[in-house]
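Protein chains get the first letters and strands the later ones, always in sequence-line order, with residue 1 at the start of each.
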Amino acid sequence: MQKLFSSVGRHEWDLPLGYIPDMRVSGRLFLSDSLFESLEEGAVRQLANVATLPGIIGHSFGMPDIHWGYGFPIGGVAAFSEEEGIISPGGVGFDINCGVRMITTPLSVSDLGSREDIIGRLYQQVPTGVGSKSAFRLSASALDDLLALGSKWAVSEGYGLPEDCIRCEEGGYMKEAAPENVSEKARKRGIPQCGTLGSGNHFLELQVVSEIRDHEAAKTFGVKEGNVCCMIHCGSRGLGHQVCTDHLKTLEKATKKYGITLPDRQLSCAPLTSPEGESYFGAMAAAANYAWANRQIITHQVRTLFESAFGISPSEMPLVYDVAHNVAKWEMHTIDGSDKRVCVHRKGATRAFGPGRPELPEIYQRTGQPVIIPGSMGTASYLLAGTETAMEKTFGSTCHGAGRVSSRKEAKKAVRGAAVSADLKKQGIIVRAPSGDAIAEEAPEMYKSSDEVIRVVHEAGLSRIVARMMPLGVIKG
DNA sequence: ATGTTC
């Protein structure tokens with residue numbers, strides 16, 4: 001695959017116009033030589049397919065964790081102009097605003113006591129698994145407020161601290177949310193699931209900060225070596241999935257209506273200025289808000305448990321940041337020397353805004369935004385900072401994690417959950433999940449190393465390593 | 001990712 005590309009910088013490669021017909025811009029892939037070995041032809045094809053979409057600006061980008069997805073590659077980034085551009089659910093993903101947040105604690109590993117005990121209590125507190133339901137009751141009118149205001153709604157209901165919201169992208173909610181564009185079916189799925197983790201690679205993990213690489217930024221982010229922290233990775237559950245399904249149907253028709261020709265029907269889309277495009281945007285934003293509220297309520301559950309287990313107050317467990325890695329957003333970017341409003345799709349990619357961006361809270365103005373990249377189960381996670389280079393090269397974007405190397409089906413054939421758990425326990429890592437299969441599918445060896453993906457984004461300048469965290473215990477769906 | 005195939 002590598003010979004298709006030309007080198008244009010450190011770990012930076014160009015997929016030229018003409019790889020497939022009708023590309024409007026070239027592809028731009030960030031990858032090391034060793035990661036090229038596992039690059040799928042299908043993902044390259046998808047990178048090129050995205051480059052044919054109307055109104056695309058700059059390049060169709062692939063992050064080093066790129067892999068084959070629905071329509072767009074996972075690890076894909078594309079920005080579209082306000083005038084000519086489109087919006088596509090394939091560029092967001094089914095799990096709208098799947099994302100990650102990180103909370104610090106003042107505890108050291110020895111303060112935790114029995115890891116089995118605390119992980120067991122977290123497992124009881126936070127429902128996990130496919131179709132899991134929350135003890136938390138949400139009325140239909142509360143759901144409307146939640147869809148409009150995300151984390152801000154959750155905090156106003158008492159599930160968090162006021163400063164939590166400013167430590168989320170968008171302040172914890174997208175103002176463009178249009179709850180009225182979320183179907184009854186999606187609402188029905190969403191009502192019982194708020195405050196639940198879901199399944200697959202979603203997790204809640206206790207980690208220890210094992211290494212600090214940038215002491216100044218770590219201090220600003222409130223991260224200390226040897227301290228325990230908590231990482232939460234989840235999304236918009238059945239509600240977001242249903243929003244995607246519903247709008248794919250209308251956008252498939254809209255694609256025809258507006259005379260857009262596509263190399264792949266999974267790229268169904270509509271002009272950003274069309275009623276269909278605007279309707280999806282509003283529904284997507286509402287689903288994104290659901291995901292922020294979901295992560296906020298889970299945060300509250302964790303803080304409540306830690307308060308009773310260790311006697312520490314919620315304010316001693318501040319949020320470092322909350323990042324979205326499946327979403328499309330309006331952002332201002334400098335293009336050919338002038339500021340332009342563009343719609344940036346990040347699908348399995350994380351915003352990595354550098355210092356001085358007005359979207360960032362005052363505390364992170366000098367460092368750039370915290371970028372949270374989870375590892376697979378049992379492997380390191382990273383905290384990084386956004387950079388000026390990301391602003392210049394990738395519309396302020398970086399990777400989102402380590403990609404799979406084996407399918408879920410292959411994983412279940414290859415390993416047994418009990419054996420994976422036993423192996424991790426030998427390393428001192430406790431795992432709780434509703435089924436053995438859930439653990440087998442997520443076994444560390446079924447994923448690429450996050451270390452290599454992180455090395456590429458750091459060396460390419462798309463973000464800067466601040467700290468590395470190792471898992472202590474994890475609950476999975 | 002997902003009431004794991006309306």
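Among the atoms of the strands shown, base atoms are found under 4.0 Å from some heavy atom of Lys185(A). Gly200(A) comes within 4.0 angstrom of sugar-phosphate atoms only, judged by non-hydrogen atoms across all strands, and of no base. Counting non-hydrogen atoms under 4.0 angstrom, Glu441(A) reaches nothing in the nucleic acid.
With respect to the salt-bridge test (charged N to carboxylate O, under 4.0 angstrom), the residues Arg346(A) and Glu331(A) qualify.
Residue Leu248(A) contributes atom CG, which lies 16 Å from atom C1' of dT5(B) at whole-angstrom precision. Per the geometry, CD1 belonging to Ile74(A) stands 14 Å off C1' belonging to dT2(B), to the nearest Å. Taking atom NZ of Lys409(A) as the reference point, atom P of dT5(B) lies 11 Å away to the nearest angstrom. Atoms OH (Tyr290(A)) and P (dT2(B)) sit 10 Å apart, rounded to a whole Å. Rounded to an integer number of Å, the gap from CG of Leu197(A) to C1' of dT2(B) is 14 Å. For the pair Asn294(A) CG and dT2(B) P, the interatomic distance rounds to 10 Å; values are reported in whole Å. Atoms NE2 (His202(A)) and C1' (dT2(B)) sit 10 Å apart, rounded to a whole Å. Counting to the nearest Å, the P atom of dC6(B) and the NZ atom of Lys188(A) are 15 Å from each other.
Taking all atoms of both residues into account, the shortest heavy-atom contact from Ile260(A) to Pro271(A) is CD1-CD, 4.1 Å. Across every non-hydrogen atom of Met102(A) and Leu319(A), the tightest pair is O-CD1, 3.4 Å.
Scored by the side-chain contact (heavy atoms from CB on, under 4.5 Å) test, Val155(A) finds Asp164(A), Cys165(A), Gln296(A) as partners (sequence neighbours excluded). With sequence neighbours excluded, no residue forms a ring pair (Phe, Tyr, Trp, His ring centres under 6.0 Å) with Phe30(A).
Contacts between residues 235-246 of chain A and DNA chain B, defined by a heavy-atom separation under 4.0 Å, are made by Arg237(A), Gly238(A), His241(A).
Taking the six-membered ring where tryptophan is involved, the planes of His241(A) and Phe94(A) are tilted, since the angle between them lies from 30° to 60°.
Arg121(A) CZ: more than 12 foreign heavy atoms inside a 6.0 Å radius.
For Ser199(A), no side-chain nitrogen or oxygen approaches OP1 or OP2 of dT4(B) to under 4.0 Å.
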